[in-house]
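One-based numbering along the sequence shown. Atom set for the values below is all heavy atoms of this structure, side chains included, hydrogens, waters and symmetry mates excluded.
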Amino acid sequence: MSGFTKVDNRIFEEVSSRKFNASQLSVLMIVWRMTYGFNREDHELAVNYFVQATGFSKRNIQDTVNSLIDGKVLKETQQASFNQTRKIAFNKNTDEWLFESRTKLPQVKDCSPHEEEFTSPDEQKFTSPGEESFIHKRKIKEISKERDDQMGRLNFEQSPEALYESMFGFPTAILRDDFRRWVEESQFQEPEAILCEMIKRIAPEKPRNPAKYLQKSVDKLLKLGLFTLTAVQEHNSKFDQKGKKKKSPQDITLERPSHWEEPKPLTKDEFCQMKEWEKELLF
């Protein structure tokens, strides 16, 4: 289903029972999002991408990713080099994982009076120094999405952030703030549809800085007072018509236009006169 990340329930249950800390869980979710979320087995994932997506420090992310690879939870399918990013995949074979389980008790679907017995003393180790920052950022993100939850979750094609991510990568923090501003505070009547229209429009141009390009393009629409999807599409269509390149010499027809009359043939006297004029020319 578009817009959702499909992860086997067995994986969720297994991850929940293992001794992962907050940063390790965050990295796993990002790996799922960028692999299973796009129906692919692996993906190029740089350290800086994890830093932007989770809010953890670069050193923390480096140690976390390495620990998950060493623990057989993640697999490195392509090593990083001067001109390529490391590719990472999730290892679905949980029997190979080297992370210990917190409990050997069977998993249950509903809470029971004995649920407290599932908690072990080792669970106190779950909290890491960076977990408070992670929880804070997650709460802010949940609040910003409350409007979408009330209206029904948007599918992939209607979500500007998801569409931008699929075409250009994870949006910057500034661009995410702009997305929120355009959707919640601008005069756009169909903000999600307009933003998706503009993202699709700039994608073929492959700009070096897509975030900045999109910001300027959308702000220009606001200045022009184009607040509906129809108005934006009409404006773009007119702009495209003006920007069409002129025909090249190869495209120009050599045929005489139909409204032109054929010239009359010269008379004998006119022909002789032309010959006399030619004799007077210096070349």
Side-chain angles (χ1 to χ4, degrees), residues 1-6 29-30 32-40 43-44 49 52-53 137-253 257:
M1 185 179 294
S2 184
F4 294 88
T5 300
K6 296 181 180 180
M29 285 190 286
I30 295 301
W32 290 342
R33 174 70 181 89
M34 299 308 296
T35 54
Y36 296 156
F38 292 92
N39 295 320
R40 52 196 175 199
H43 188 59
E44 293 184 352
Y49 182 86
Q52 290 183 356
K137 291 178 180 292
R138 184 171 60 185
K139 286 183 178 179
I140 293 177
K141 190 173 182 180
E142 289 174 354
I143 292 173
S144 68
K145 289 187 176 181
E146 183 177 355
R147 174 176 173 272
D148 290 340
D149 293 338
Q150 293 174 350
M151 296 175 61
R153 189 177 299 275
L154 297 173
N155 62 34
F156 178 79
E157 289 298 328
Q158 293 174 314
S159 172
E161 287 194 42
L163 182 60
Y164 182 94
E165 183 178 338
S166 69
M167 293 184 173
F168 303 110
F170 200 78
T172 63
I174 295 177
L175 183 58
R176 292 199 300 271
D177 288 340
D178 283 332
F179 277 132
R180 181 198 58 77
R181 173 172 61 86
W182 290 326
V183 171
E184 299 180 4
E185 301 175 9
S186 73
Q187 294 176 278
F188 287 138
Q189 297 180 20
E190 304 160 280
E192 292 89 353
I194 290 174
L195 293 175
C196 288
E197 173 75 13
M198 296 306 295
I199 293 170
K200 293 176 183 177
R201 179 174 177 79
I202 70 174
E205 300 180 24
K206 297 181 179 179
R208 296 181 61 181
N209 191 338
K212 190 173 182 180
Y213 194 179
L214 180 62
Q215 289 166 339
K216 288 186 176 181
S217 300
V218 175
D219 286 340
K220 183 178 180 181
L221 296 179
L222 291 170
K223 290 180 181 179
L224 294 175
L226 304 174
F227 302 139
T228 65
L229 179 60
T230 301
V232 170
Q233 291 174 335
E234 290 178 354
H235 171 76
N236 290 339
S237 178
K238 292 179 181 178
F239 182 84
D240 291 340
Q241 291 295 330
K242 292 180 180 179
K244 281 186 177 180
K245 295 181 179 180
K246 295 181 179 179
K247 289 185 177 181
S248 64
Q250 292 81 1
D251 297 329
I252 299 176
T253 178

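Using a 4.5 Å heavy-atom cutoff, the side chains of Phe168 and Ile202 are in contact. Val183 is listed as a side-chain neighbour of Leu195, based on a closest heavy-atom distance under 4.5 Å. Put simply, the side chain of Val218 reaches to within 4.5 Å of the side chain of Phe188, judged on heavy atoms. Within the 4.5 Å cutoff, no side-chain heavy atoms of Met29 are placed close to those of Arg33. Taking the side chain as every heavy atom from C-beta outward, Met198 and Tyr164 never approach each other to under 4.5 Å.
Distance check: Ile199 CD1 to Met167 CE gives 7.5 Å after rounding to the nearest 0.5 Å. Once rounded to the nearest 0.5 Å, the distance linking CD of Glu197 with CD of Glu190 reads 10.5 Å. Distance check: Lys212 NZ to Ser217 OG gives 12.0 Å after rounding to the nearest 0.5 Å. Rounded to the nearest 0.5 angstrom, Asn39 CG and Thr5 OG1 are separated by 9.5 Å. For the atom pair CD of Glu234 and CG of Leu229, the computed distance is 10.0 Å after rounding to the nearest 0.5 Å. Atom NE2 of His235 sits about 9.5 Å away from atom CG of Asp240, to the nearest 0.5 Å.
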Check the pair Leu221 / Phe227 against side-chain contact (heavy atoms from CB on, under 4.5 Å), numbers first and verdict last.
CA-CA 7 Å; Leu221 296 179; Phe227 302 139; over 6 Å; no
Could you walk me through whether Phe239 and Arg201 pass the side-chain contact (heavy atoms from CB on, under 4.5 Å) check?
CA-CA 12 Å; Phe239 182 84; Arg201 179 174 177 79; 3.5 Å; yes
The test is side-chain contact (heavy atoms from CB on, under 4.5 Å); show your working for Glu192 and Leu163 and say whether it passes.
CA-CA 10 Å; Glu192 292 89 353; Leu163 182 60; over 6 Å; no
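Here the closest heavy-atom approach between residue Phe170 and residue Gln52 is recorded as CE2-O, 4.0 Å. Considering every non-hydrogen atom in both Pro207 and Pro210, the closest pair reads O-CD, 3.6 Å. Between Gln215 and Trp182 the shortest heavy-atom distance is CA-CH2, 3.7 Å. Nearest heavy atom pair, residue Phe38 against residue Ser166, reads CE2-CB, 3.7 Å. The two residues Phe179 and Glu161 have their closest heavy-atom pair at CD1-CG, 3.4 Å.
Here Asp178 pairs with Arg181 in a salt bridge; the nearest charged N to carboxylate O distance falls below 4.0 Å.
In terms of modelled atom types and a separation under 3.5 Å, the side chain of Arg40 and the main chain of Met34 share a donor-acceptor contact.
With a 6.0 Å radius and a threshold of 12 heavy atoms from other residues, nucleotides or ligands, Ile174 has its CD1 atom at or below the threshold.
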